[in-house]
Amino acid sequence: MKYRIDQEPIMEYEGGTMAVPAVPGAGKTFIVANLVAKLIEQQKNKPGKILIVTYMNSAVNNFKSRIAKILEKKGILGNKEFEVMTIHSLALKVLKDRPDIVLVNEDFMVVDDIQQNIHLNEAVDEWLRKGGENVFRSFLKNPHSKKDYDKWKIEFQRVISTLISKLKLNDITPSKFNELMKGNYDHLIKALAIIYMLYDKKLKLEGLIDYDDILNLAYKILEKDKKAREKFQNKYTYIFEDECQDSNIVQCQILKLLSKKNNNLVKVGDINQSITGTFSSSSPEFFKSFCKEVEHKKVMDMASRSSKDIIDLANYLVDFVIKEHPTPDCREALVDQKVKEVPKGSWGENPKPNSYNISINSVYSWEQEIEYTIKRIKEFKGEYPDKTIGVLVPFNGHVNEIALKLKQENIEYDELSGNSERKVKVAKTLGSIFKFLSKPHDITRLVNLIDDLFEHKDMENKKILLESLLSYSTEDILYPVDGLLENKMFLKARKDIVHIREILEKNQNSPAKLVLEIGDLLEFESEDKAMAEAVAFYIRNSLNNNPRFTFEDIAHELIENSQVLFRHMADMIYELNGYEPTPDRVTLCTYHKSKGLEWDCVFLLGFTGYNFPSLLSDYIRSEAWYLKTYYRNPAAIGKFLIDQLIGEKTKGNPVLDAKVSIINEKIRLLYVAITRAKEFLVLISHKHNTILDKDEKVSLYFNKLQEYIDHQRSKKL
């Protein structure tokens, strides 16, 4: 195997600590897989194994298959010489081995993301019922706005989840937190303390631990018990950590302990692609520190993904941020790590288009951005039918808007959205079923359920059918006699009507069991079945807490509050593991969701100062504008206040610090987005907000990149 110039020093590694900062598209998975295979071939790992720690299960499977294939080509049966797992899988293995050390019953159960979300939702609701309602509303600028209340309910639970995670990863129990916060009267901290205690109590009553507990307990086992520590230190001769820019403090501590005996620890990542810190406990600072302390630092700075023009644009952004950013505190958002082209004749050369394929355009409004994008997509698909297209937008709502327009234009697309309708459709469909079951003689409810289940492209005739059904009774429709309703449209809906009748006949079962039976009856696919199981778990829990929880109550929660209850679960269930863009379908996703993906042509929309701010005075969209000014960035404020309580921060302005964190992450997000493109890149912004009927400035980065793009294009003419 022939390696690139920047990869050769990495392949020479035999032992010690090594940091591998790698630019986007450098081939991190490729080089780690080949290095692991080489160490196994040379039996350097003997008598132990090589451990690769990564984040997503899809990445686990990718590493396993790649290493196995390389070893197979070499004629080596080495599958037992290495293990690939997520950090939580590793921690769980440690905990299951010696739970007695941390006084955990060996029959402990791990609460999954879905159950965790439900228990936390219950804790928040209990806090609201027991006096928290007024405090909750006190965060809002307009405490009486239902729309703002609902938005805050979704955001509040996410914030509380992030802050509880931070507390757990700093080994702060609910009782310890109450001790620390004595004399602190901040409303968010006080609410957090109560909800944390309620949530912790719910888990303990059911003998459950969550993912943060797993990390914490595993670290304590390794730290406290010499035999347990040595067992795992002997087991793993080498440890590799992938995507380490997203590490948290406990993950770093665990891997440091495990590698202490053999001192063979390799971390691979890209600080410039750290985009999860504002809503998690991860931080690129841990990788920065590691890079300063290691014996070996080998930079992979070559990438074959993008054309030279796109690489130059990404590098220009890095230069501008480091040298000229108008907010000095943001000049360290990116590290000075430039992407280089792959040398001619090396493995994997860069795309070499015949023309300058980067364009930048500002239109009047967001609506015009969508129109312009769809027009360009049609043109591109006509000219390059074999190339992939990605449309990146700031927020999930934008994904839904563009999806609707593409549907109207009969353009096939994949929607990688955190709140796409598909992700909550199962919950809402089950809600419609329970709504009908609560009043099975209500013809309107039956027709609405048929509407929900019935899929037919002829929308006009579907509407006629549904209106005609309203003139019958539910019994006439579910148990038709003498050829009643035997028209063509009814025949198309017959299967769904038969299903409803079968569900009605199973109505004597418990609600949770009924949900699972409905999943089987309607032939849900695996992901939809997982969502049905989440709904069943929620119903079972709700009935345990409130035996008077009726079918009508279930219907209301599933239909009206599905985004609040199941949004986080849907993200987990419908995660598109191993998603690969194809030329026949346009990919729609947020900037965040684009990480790890690539397309021949990328459209970057919403390039305004509102979405990509640069000044502390900028109005920032990701701020919760419906909250009072101090709490506009509630998670960041909460983290700052916790740091103060545990002594990590004694001074500073939490509001300004929060803004700096957001601006820095938006810079890195833009860098990630630009580097998704292979050959074609289209950047679009707008000048007017039609909803608020006011002018909206384009982003400073847009203006700077436009100057650069125009200059580069003029040189090519």
Enquirer: Check the side chains of D186 and Y631 for a donor-acceptor pair under 3.5 angstrom, ignoring hydrogens and angles.
Expert: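 Judged by distance alone, the side chains do pair up.
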Enquirer: Tell me every residue that passes ring pair (Phe, Tyr, Trp, His ring centres under 6.0 Å) with Y364, counting only those two or more places apart in sequence or in another chain.
Expert: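 Result, ring pair (Phe, Tyr, Trp, His ring centres under 6.0 Å) vs Y364: H688.
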Enquirer: Examine Y149 together with F136 and report whether their ring centres are nearer than 6.0 Å.
Expert: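 So the answer is yes for these two rings.
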Enquirer: Does any N or O in the side chain of D213 come within less than 3.5 Å of the main-chain N or O of D210, such that one atom is a donor and the other an acceptor?
Expert: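 Judged by distance alone, yes, a pair lies under 3.5 Å.
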Enquirer: Indicate the ring-plane relationship of Y591 and F612, choosing parallel, tilted or perpendicular according to the 30° and 60° boundaries.
Expert: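 It falls in the perpendicular class, over 60°.
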Enquirer: Not counting sequence neighbours, which residues clear ring pair (Phe, Tyr, Trp, His ring centres under 6.0 Å) with H499? List them please.
Expert: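 Residues passing ring pair (Phe, Tyr, Trp, His ring centres under 6.0 Å) with H499: none at all.
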Enquirer: Applying salt bridge (charged side-chain N to carboxylate O under 4.0 Å, His left out), can you list everything that pairs with K694, at least two apart in sequence or on another chain?
Expert: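 With neighbours one apart ignored, the set is empty.
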Enquirer: What residues form a side-chain contact (heavy atoms from CB on, under 4.5 Å) with S165, not counting sequence neighbours?
Expert: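 S165: side-chain contact (heavy atoms from CB on, under 4.5 Å) contacts with L169, D212, S281.
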Enquirer: Quick one: list whatever passes side chain to side chain donor-acceptor pair (under 3.5 Å) with T474, sequence neighbours left out.
Expert: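 If we apply the side chain to side chain donor-acceptor pair (under 3.5 Å) test to T474, skipping adjacent residues, there are no hits.
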Enquirer: For the pair W127 and F156, name the ring-plane relationship: parallel under 30°, tilted 30 to 60°, perpendicular over 60°.
Expert: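 Judged by the thresholds at 30° and 60°, the geometry between W127 and F156 is parallel.
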Enquirer: Answer yes or no: is there an ion pair linking K130 with E126, defined by an N-O contact shorter than 4.0 Å?
Expert: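 Looking at K130 and E126, the cut-off is met.
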Enquirer: Quick check on the 6.0 Å ring-centre criterion: do Y372 and H686 meet it?
Expert: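 No, too far apart.
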Enquirer: Looking at residues at least two apart in the chain, or sitting in another chain, which of them share a salt bridge (charged side-chain N to carboxylate O under 4.0 Å, His left out) with R585?
Expert: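 Testing R585 for salt bridge (charged side-chain N to carboxylate O under 4.0 Å, His left out), a comparison that skips the adjacent residues, returns E412, D414.
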